[in-house]
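All ligand and atom numbering here is 1-based and tracks the order in the structure. For the numbers below, each heavy atom of this structure counts, side chains included, while hydrogens, waters and symmetry mates do not.
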Amino acid sequence: MDRSNIILTGFMGTGKTTLGRLLAKRIGYKFIDTDALIEEQVNQTITTLFQTQGEDVFRKLEAELVENLAQKEELVIATGGGLVLNSKNVEILQKTGQIICLTATLEDIIKRVSKQKNARPLLQEDNPEIKITELLRQRRAVYQQFPQISTSGSSLEILVDEILILADGSRD
Ligand code: S3P
């Protein structure tokens, strides 16, 4: 049986955590959310960590976590949206499993992230829509290197099925 990990990446608000949790439950894997693990480790929210120690420290913690997770199997990992911008993280994660990128329409992203505005330090702006559009433009090429699934307009159940098919699904 294939025990390799399934790694969900993609921009903020594309559904990585929600779908990752459901997917893990479906296939009996452990669910890991990299942001949540870092918050536990430093005992601070990501927003406070960015404010007190800066983004660089956060990115270093992400990279350390990736090294650690690469030793494990049977994980569904929801990454923070910027984790794959570091190509070394990608290289390591690709050796342990399949990376799938979730996407959503700009409208859905804006709607979803506005619900948890304070949880997203990169979007603490007067006009988060402009920032989202700019970040999406900057990151497009990075996200496009992975197989993609749009989470706009499909049910969660169908999306879990789609992810499993993409991840080469003899797991269920
Ligand atoms: C970030 C995304 C966030 C979190 C941090 C930075 C990014 O995670 O890691 O705020 O650079 O896109 P989510 O994608 O889970 O919101």
Side-chain angles (χ1 to χ4, degrees), residues 5-24 29-70 75-90 92-93 97-152 156 159-160 163:
N5 301 327
I6 300 179
I7 301 119
L8 300 181
T9 193
F11 199 75
M12 295 172 258
T14 52
K16 303 178 293 278
T17 303
T18 305
L19 279 163
R21 202 170 272 132
L22 285 174
L23 174 64
Y29 276 22
K30 185 171 179 204
F31 175 66
I32 299 281
D33 180 304
T34 60
D35 285 343
L37 276 191
I38 289 172
E39 288 185 332
E40 244 172 60
Q41 184 189 343
V42 298
N43 202 21
Q44 281 179 325
T45 63
I46 300 292
T47 301
T48 308
L49 177 63
F50 268 62
Q51 281 163 357
T52 57
Q53 305 197 56
E55 182 173 349
D56 287 354
V57 169
F58 170 72
R59 297 297 176 199
K60 221 173 124 227
L61 291 172
E62 275 189 325
E64 282 170 18
L65 183 55
V66 165
E67 302 247 11
N68 184 274
L69 294 176
L75 301 179
V76 172
I77 304 172
T79 77
L83 184 143
V84 293
L85 301 176
N86 178 340
S87 58
K88 184 145 180 258
N89 289 342
V90 173
I92 295 170
L93 286 174
Q98 169 81 50
I99 304 180
I100 292 170
C101 181
L102 303 183
T103 66
T105 60
L106 180 61
E107 203 187 5
D108 275 352
I109 288 175
I110 290 166
K111 216 185 307 166
R112 293 173 189 170
V113 300
S114 65
K115 287 188 196 141
Q116 300 164 298
K117 198 163 168 269
N118 297 335
R120 304 279 183 358
L122 293 178
L123 304 180
Q124 310 295 308
E125 305 262 332
D126 289 342
N127 191 336
E129 296 186 26
I130 291 178
K131 186 67 191 277
I132 290 169
T133 307
E134 175 61 13
L135 285 173
L136 279 170
R137 193 188 58 75
Q138 286 170 9
R139 295 179 177 185
R140 183 164 298 127
V142 171
Y143 290 144
Q144 272 177 350
Q145 69 185 301
F146 310 112
Q148 300 199 341
I149 292 181
S150 168
T151 62
S152 287
L156 294 173
L159 289 167
V160 169
I163 294 170

> Which atoms of ligand 1 sit under 4.0 Å from any heavy atom of Phe58?
Replying inline: 9 (O)

> Which residue and non-hydrogen atom of the protein lie closest to atom 16 (O) of ligand 1, and at what distance in Å?
Replying inline: Arg120 NE, 2.6 Å

> Among protein heavy atoms, which lies nearest atom 10 (O) of ligand 1, and at what distance?
Replying inline: Pro121 CD, 3.4 Å

> Has the side chain of Thr48 got a donor or acceptor atom that lies under 3.5 Å from a matching backbone atom of Gln44?
Replying inline: no

> Under the 3.5 angstrom rule, does the side chain of Ser150 hit a backbone N or O of Ser152 as a donor-acceptor pair?
Replying inline: yes

> Does the N or O separation between Gly10 and ligand 1 drop below 3.5 Å for any pair?
Replying inline: no

> Hey, does Gly81 come in under 3.5 Å of ligand 1, counting only N/O atoms on both sides?
Replying inline: yes

> Which is it for Thr151 and Arg112 under the side chain to side chain donor-acceptor pair (under 3.5 Å) test, yes or no, and what are the steps along the way?
Replying inline: CA-CA 12 Å; Thr151 62; Arg112 293 173 189 170; 3.1 Å; yes

> With under 30° as parallel and over 60° as perpendicular, where do the rings of Phe58 and Phe50 fit, or are they tilted in between?
Replying inline: tilted

>> Is Arg139 close enough to touch ligand 1? Criterion: a residue heavy atom under 4.0 Å from a ligand atom.
In response: yes

>> Among Lys16, Arg59, Glu39, Gln116, which one puts a heavy atom closest to atom 6 (C) of ligand 1?
In response: Arg59

> So between Leu135, Thr14, Asp35, whose heavy atom ends up nearest atom 8 (O) of ligand 1?
Replying inline: Asp35

>> Using 0.5 Å steps for rounding, measure from the CD atom of Glu62 to the CG atom of Leu65.
In response: 8.0 Å

> side chain to side chain contact (heavy atoms under 4.5 Å, CB included) with Leu123: which of Ile110, Val113, Asn118?
Replying inline: Val113

>> Once you restrict to heavy atoms under 4.0 Å, what part of Leu85 touches ligand 1? Side chain, backbone, both or neither.
In response: neither

>> Quick one, Glu134 and Arg137 - any side-chain contact, counting heavy atoms below 4.5 Å?
In response: yes

